Amino acid sequence: QVQLVESGGGLVQAGGSLRLSCSASGNKFSINAMGWYRQAPGKQPELVARITSAANTNYADSVKGRFTITRDNARNTVYLQMNSLKPEDTGVYYCHAVIVLSAYWGQGTQVTVSS
């Protein structure tokens, strides 16, 4: 069973930084893509950043220039460096992975940005 474990969430002031990490385990096949979604209360999850096996990246317009997604293939881990955080970045951040034809989700890590 594939498991995604996130870490790095917390409470920061506006303008601060956090680095999220997500490690995958139990996968018998290579990971096609990994990324991060976030969900604010009462809202649908939205894609924040994504990186493919070819190292192509995509970012939500709202985080471009502030967030950077990277991948460590040896450790089966994806990172999200979040700089210049804003209160509107607050939400639960979920790690997401695509492996062959299946999608997997982590349990989420809370990010709270105070003003």
Side-chain angles (χ1 to χ4, degrees):
Q1 182 71 31
V2 175
Q3 184 178 18
L4 305 178
V5 179
E6 304 112 322
S7 63
L11 173 64
V12 298
Q13 293 183 335
S17 298
L18 286 173
R19 190 176 78 147
L20 307 183
S21 65
C22 174
S23 295
S25 62
N27 55 303
K28 300 294 185 181
F29 303 94
S30 61
I31 299 173
N32 300 113
M34 294 186 74
W36 294 90
Y37 287 75
R38 68 186 179 192
Q39 185 174 29
K43 303 293 184 180
Q44 292 294 113
E46 63 174 345
L47 178 66
V48 177
R50 178 179 181 266
I51 186 167
T52 71
S53 59
N56 300 123
T57 58
N58 297 99
Y59 297 93
D61 288 341
S62 61
V63 307
K64 287 181 179 177
R66 300 188 298 120
F67 291 10
T68 303
I69 188 168
T70 57
R71 182 175 176 180
D72 185 337
N73 292 330
R75 295 185 176 183
N76 235 19
T77 299
V78 66
Y79 303 93
L80 185 67
Q81 179 66 45
M82 305 186 294
N83 298 326
S84 302
L85 283 162
K86 304 174 180 180
E88 47 263 47
D89 295 318
T90 293
V92 179
Y93 284 66
Y94 295 93
C95 182
H96 177 261
V98 176
I99 303 173
V100 191
L101 299 178
S102 299
Y104 302 90
W105 296 89
Q107 292 299 306
T109 184
Q110 177 70 45
V111 171
T112 303
V113 184
S114 64
S115 59

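All values reported here derive from a predicted model rather than from experimental measurement.
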Checklist entry - Does some side-chain heavy atom of Tyr104 sit less than 4.5 Å from a side-chain heavy atom of Ile99? => result yes

Residues 20-29, side-chain donor-acceptor partners within the protein, below 3.5 Å, at least two apart:
from: Ser21; atom 1: OG; to: Ser7; atom 2: OG; distance (Å): 2.7
from: Ser23; atom 1: OG; to: Thr77; atom 2: OG1; distance (Å): 2.8
from: Asn27; atom 1: OD1; to: Asn76; atom 2: ND2; distance (Å): 2.9
from: Asn27; atom 1: ND2; to: Phe29; atom 2: O; distance (Å): 2.9

Next on the checklist: Within the 3.5 Å criterion, strictly below it, is a donor on Ser53 or Asn32 matched to an acceptor on the partner's side chain?
Outcome noted: no

Checklist entry - Is a side-chain donor or acceptor of Gln107 paired with a backbone partner of Val5 at a separation under 3.5 angstrom? => result no

Item to check | Working for salt bridge (Lys or Arg N to Asp or Glu O under 4.0 Å), residues Lys64 and Asp61 | outcome: CA-CA 5 Å; Lys64 287 181 179 177; Asp61 288 341; 3.1 Å; yes

Checklist entry - Would you call Ser17 and Gln81 a side-chain contact if the rule is heavy atoms closer than 4.5 Å? => result yes

Checklist entry - So do Tyr93 and Leu18 actually touch side chain to side chain, heavy atoms under 4.5 Å? => result no

Checklist entry - Atom CZ in Arg75, atom CG in Asn73: separation rounded to 0.5 Å? => result 12.5 Å

Checklist entry - Just by distance, do the side chain of Arg71 and the backbone of Thr52 share a donor-acceptor pair under 3.5 Å? => result yes

Item to check | Separation of Asn83 CG from Thr68 OG1 (nearest 0.5 Å) | outcome: 6.5 Å

Next on the checklist: Centroid separation under 6.0 Å, is that true for the rings of Phe67 and Trp36?
Outcome noted: no

Checklist entry - Any side-chain heavy atom of Leu80 within less than 4.5 Å of one from Val48? => result yes

Checklist entry - Taking the side chain as C-beta and beyond, is there a heavy-atom pair between Asp89 and Arg66 under 4.5 Å? => result yes

Checklist entry - Does some side-chain heavy atom of Glu46 sit less than 4.5 Å from a side-chain heavy atom of Arg38? => result yes

Item to check | Polar contact flag, side-chain donor to acceptor under 3.5 angstrom, Thr90-Glu88 | outcome: no

Item to check | Validation row: Thr70, Asp72 side chains within 4.5 angstrom (heavy atoms) | outcome: no

Item to check | Candidate pair Cys95 and Val78, rule side-chain contact (heavy atoms from CB on, under 4.5 Å), full reasoning | outcome: CA-CA 9 Å; Cys95 182; Val78 66; 4.1 Å; yes

